[in-house]
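These notes concern the structure reproduced below.
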Amino acid sequence: MLLKTLLNIFVVLNIMIPYCHGRSPAVLYSIEDLKALDDLKSSKEVLRHIFDIRPSDRKKVWQRVLNQNIRHFIDSIISSRKYSISDYRLIERITDSRYLDNDEIFLYKRSEYLEAFFEDCFNSKNKENFNCADEINLAVRKSPSIQLYPESQAKLGMVLKKYKPATKLMPFIKKAITRPIGLKICQNPFVISELLLRVEKIVDLAKSKKDYISKTNDIMGPECLDIIVSETKTQLNTFASINLQEKYYRWLKNIEKLNDVENIKIQSLLFLNGLNPGKTLNTVWNTLNDISENYPLRTRVLDELKKLDPIPDAFLKKDKLSKQVFLRHLDKNFPEFIDFYSNTCKSYYQGTMHFPKGNPTINCKEFLKVYKSLKGENNFKVSTLEQSIKF
């Protein structure tokens, strides 16, 4: 009796074991079945049964069926914009198999799919019990050939940063931004912000020009560097503080990314924004002395300053003595800027020009007050400007 009972249990277990693995021997597909489904473009069903084939029988035909159908399957999901967790699990299961580690087309399509899937994930109410952030980190860790194709890691990091602002982006992007593919990745605002923070640290730590260059090359390639240099030059006047502006200037100067006009333009900008006492102010002070003898160069620099709106004039917020010292030095060495600033202020108050962003000479009234104290009330510029403001 006991023997009969044990035999019955053995038979039941042998029947149930295949079901424990999610399938029965009756539904195992052959390679011919997969080829027939491949002809019918039934990619999802092919992929669900692709591993029904024993490892020893997974040869060229099987590999071709796998490669072709995973591509078609991902394309169909992206075109339909229907992103389900079950499809995600299926794609990642196939990724885990390592049969596609060297398939460049699959790696590209998987990257495109994951970026779209996780964008949908963070915005979907149907994935409340699915931890999008944890899954992104998991997908990154399992990404095949991460050293050869780091752009997938970078793109997923940027998606995570978008929805989880506290994310440290550098571990995701570091491999990509030191290569030519960084050209595209470094255009992302999150990446730009991250690299600007890194530039600040370089300025804090670098001891020499060689040090500036080597530390910069350590964190970004030439393609990415061009973008960050351009961003720094064009946005310098918008950075929060004069100390921050000075930092970025020192970086640009030490990595030798400024021509003569750009160098003097930024020095003038720093001066007009009220640069604090120190080595840089001494340099700028002497530069303004030097250009007093070079009218063509002053004209070129002024043309660049004219592109800024508002016109930099934060030095007029300094203490009384500093304002007078700065304005006197400017009037002596760069009188064309004084004329430009004064005339722009007059045009604004007289309404003779349109200024869509409002008054471009924010501290014009303070300028008049200080300039009047230096030149006297009978000075032509003083009197005409005073009349315009009263107008």
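- Under a 3.5 Å cut-off, the side chain of N379 and the backbone N or O of V382 do form a donor-acceptor pair.
- To the nearest 0.5 Å, atom CD1 of residue I78 and atom CZ of residue F73 are 11.0 Å apart.
- In D260, the CG atom is not crowded: 12 or fewer heavy atoms of neighbouring residues, nucleotides or ligands sit closer than 6.0 Å.
- Listed by first and then second residue, the disulfide bond (SG atoms under 2.5 Å apart) pairs involving residues 133-223 are C186-C224 (not counting sequence neighbours).
- Checked options T283, L270, N282; the residue passing with L275 is L270 (criterion: side-chain contact (heavy atoms from CB on, under 4.5 Å)).
- Considering all non-hydrogen atoms of both residues, M158 and L169 come closest at N-CD1, 3.9 Å.
- Remark: the Y108 side chain and the E151 side chain contain no N/O donor-acceptor pair separated by less than 3.5 Å.
- Put simply, the side chain of S145 gets close to the backbone of D101: a donor and an acceptor are under 3.5 Å apart.
- Checked options F315, F367, Y348; the residue passing with Y341 is F367 (criterion: ring pair (Phe, Tyr, Trp, His ring centres under 6.0 Å)).
- Residues in residues 79-100 take part in these ring-ring contact (aromatic ring centres under 6.0 Å, His included) pairs, two or more places apart or across chains: W62-Y99, Y88-F117, Y88-F118, Y88-F130.
- Residues L385 and C345 form a side-chain contact, since some pair of their non-hydrogen atoms from C-beta on lies under 4.5 Å apart.
- When the shell of 6.0 Å around NZ of K369 is examined, it contains 12 or fewer heavy atoms from other residues, nucleotides or ligands.
- Distance check: I53 CD1 to L28 CG gives 8.5 Å after rounding to the nearest 0.5 Å.
- Tracing side-chain contacts under 4.5 Å through hydrophobic residues (I, L, V, M, F, W, Y), one never reaches I146 starting from L114; they form parts of separate clusters.
- No donor-acceptor distance shorter than 3.5 angstrom exists from the side chain of S230 to the backbone of D226, with no hydrogens or angles considered.
- To the nearest 0.5 Å, atoms CD1 (I177) and CD (E223) are separated by 11.5 Å.
- You'll find the side chain of L368 reaches within 4.5 Å of the side chain of I389, heavy atoms only.
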Subject >> Test side chain to side chain contact (heavy atoms under 4.5 Å, CB included) applied to I255 and L225, step by step >> reply: CA-CA 10 Å; I255 63 170; L225 177 60; 4.1 Å; yes
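- Annotation: side chain to side chain donor-acceptor pair (under 3.5 Å) contacts involving residues 209-218, sequence neighbours excluded, comprise T216-W251.
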**OP:** Could you go through the side chain to side chain contact (heavy atoms under 4.5 Å, CB included) check for E246 and L236 one step at a time?
**Re:** CA-CA 9 Å; E246 182 187 357; L236 191 68; over 6 Å; no
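- Across all non-hydrogen atoms, the minimal contact from P312 to L272 is O-CB, 3.5 Å.
- Nearest approach of A154 to A176, heavy atoms of both residues: CB-CB, 4.0 Å.
- Hydrophobic clustering of Ile, Leu, Val, Met, Phe, Trp and Tyr side chains at less than 4.5 Å, counting indirect connections, keeps L138 apart from L90.
- With hydrophobic clusters built from ILVMFWY side chains whose heavy atoms lie under 4.5 angstrom apart, L308 does not share a cluster with I362.
- Taken to the nearest 0.5 Å, the NZ atom of K318 stands 13.5 Å off from the CG atom of L327.
- Ring geometry for F271 versus H329: interplanar angle of 30 to 60°, hence tilted.
- Partners of N137 by side chain to side chain contact (heavy atoms under 4.5 Å, CB included), not counting sequence neighbours, listed by chain and number: R141, L160, F172.
- Counting heavy atoms of neighbouring residues, nucleotides and ligands inside a 6.0 Å radius, atom NZ of K332 does not exceed 12 of them.
- Here the CD1-CD1 distance, from I173 to I219, works out to 9.0 Å after rounding to the nearest 0.5 Å.
- The hydrophobic cluster containing V203 also contains M170, counting ILVMFWY residues as joined when their side-chain heavy atoms lie under 4.5 angstrom apart, directly or transitively.
- Salt bridge present: D87 and K44 bring a charged side-chain N and a carboxylate O closer than 4.0 Å.
- Residues I192 and I228 are in side-chain contact: their nearest non-hydrogen atoms beyond the backbone lie under 4.5 Å apart.
- Using a 4.5 Å cut-off on side-chain heavy atoms (C-beta onward), N359 and Y349 make contact.
- Residues R89 and S86 form no side-chain contact, since every pair of their non-hydrogen atoms from C-beta on lies 4.5 Å or further apart.
- For K381 and Y371, the positive end is not near the middle of the six-membered ring at less than 6.0 Å and at most 45° from its axis.
- Using a distance-only test at 3.5 Å, with no hydrogens or angles considered, no donor-acceptor pair links the side chain of S124 to the main chain of C121.
- Looking at heavy atoms from C-beta onward, V301 lies out of side-chain contact with I291 at the 4.5 angstrom threshold.
- Considering only heavy atoms from C-beta on, I70 stays 4.5 Å or farther from R110 through its side chain.
- When every heavy atom of L156 is checked against every heavy atom of E115, the shortest pair comes out as CD2-N, 4.0 Å.
- Side-chain polar atoms of S342 and D339 form no donor-acceptor pair below 3.5 angstrom.
- For residues 189-200, the pairs satisfying side chain to side chain donor-acceptor pair (under 3.5 Å) are E200-Y248, with sequence neighbours left out.
- Taking all atoms of both residues into account, the shortest heavy-atom contact from I264 to L297 is CD1-CD2, 3.3 Å.
- Using modelled atom types, one side-chain atom of Q245 and one backbone atom of F239 make a donor-acceptor pair closer than 3.5 Å.
- S292 places a side-chain N or O within 3.5 Å of a backbone atom of N289 that can act as its donor or acceptor partner.
- Atom CD of E104 has 12 or fewer heavy atoms from other residues, nucleotides or ligands within 6.0 Å.
- Tracing side-chain contacts under 4.5 Å through hydrophobic residues (I, L, V, M, F, W, Y), one never reaches I185 starting from L197; they form parts of separate clusters.
- Taking the six-membered ring for Trp and thresholds of 30 and 60 degrees, F337 and F334 have ring planes inclined between 30 and 60 degrees apart.
- To the nearest 0.5 Å, the span separating CD1 on I91 from CD1 on I74 amounts to 4.5 Å.
- The main-chain N or O of S30 is found under 3.5 Å from a side-chain atom of D33 such that the two form a donor-acceptor pair.
- Counting heavy atoms from C-beta on, the side chains of K375 and D331 come closer than 4.5 Å.
- Listed by first and then second residue, the side chain to side chain donor-acceptor pair (under 3.5 Å) pairs involving residues 153-182 are E119-K162, E119-Y163, N123-Y163 (not counting sequence neighbours).
- A salt bridge does not link E45 to R48: none of the charged nitrogens lies less than 4.0 Å from a carboxylate oxygen.
- With E304 contributing its side chain and R300 its backbone, the two residues share no donor-acceptor pair below 3.5 Å.
- For the salt bridge (charged side-chain N to carboxylate O under 4.0 Å, His left out) test with D103, the passing option among R64, R71, K109, R98 is R71; the others fail.
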**OP:** Any chance you could lay out the side chain to side chain donor-acceptor pair (under 3.5 Å) test for Y249 and N263, step after step, and finish with the verdict?
**Re:** CA-CA 8 Å; Y249 166 69; N263 183 37; 2.7 Å; yes
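- The only option from D38, N69, D75 that meets the side chain to side chain donor-acceptor pair (under 3.5 Å) definition with S43 turns out to be N69.
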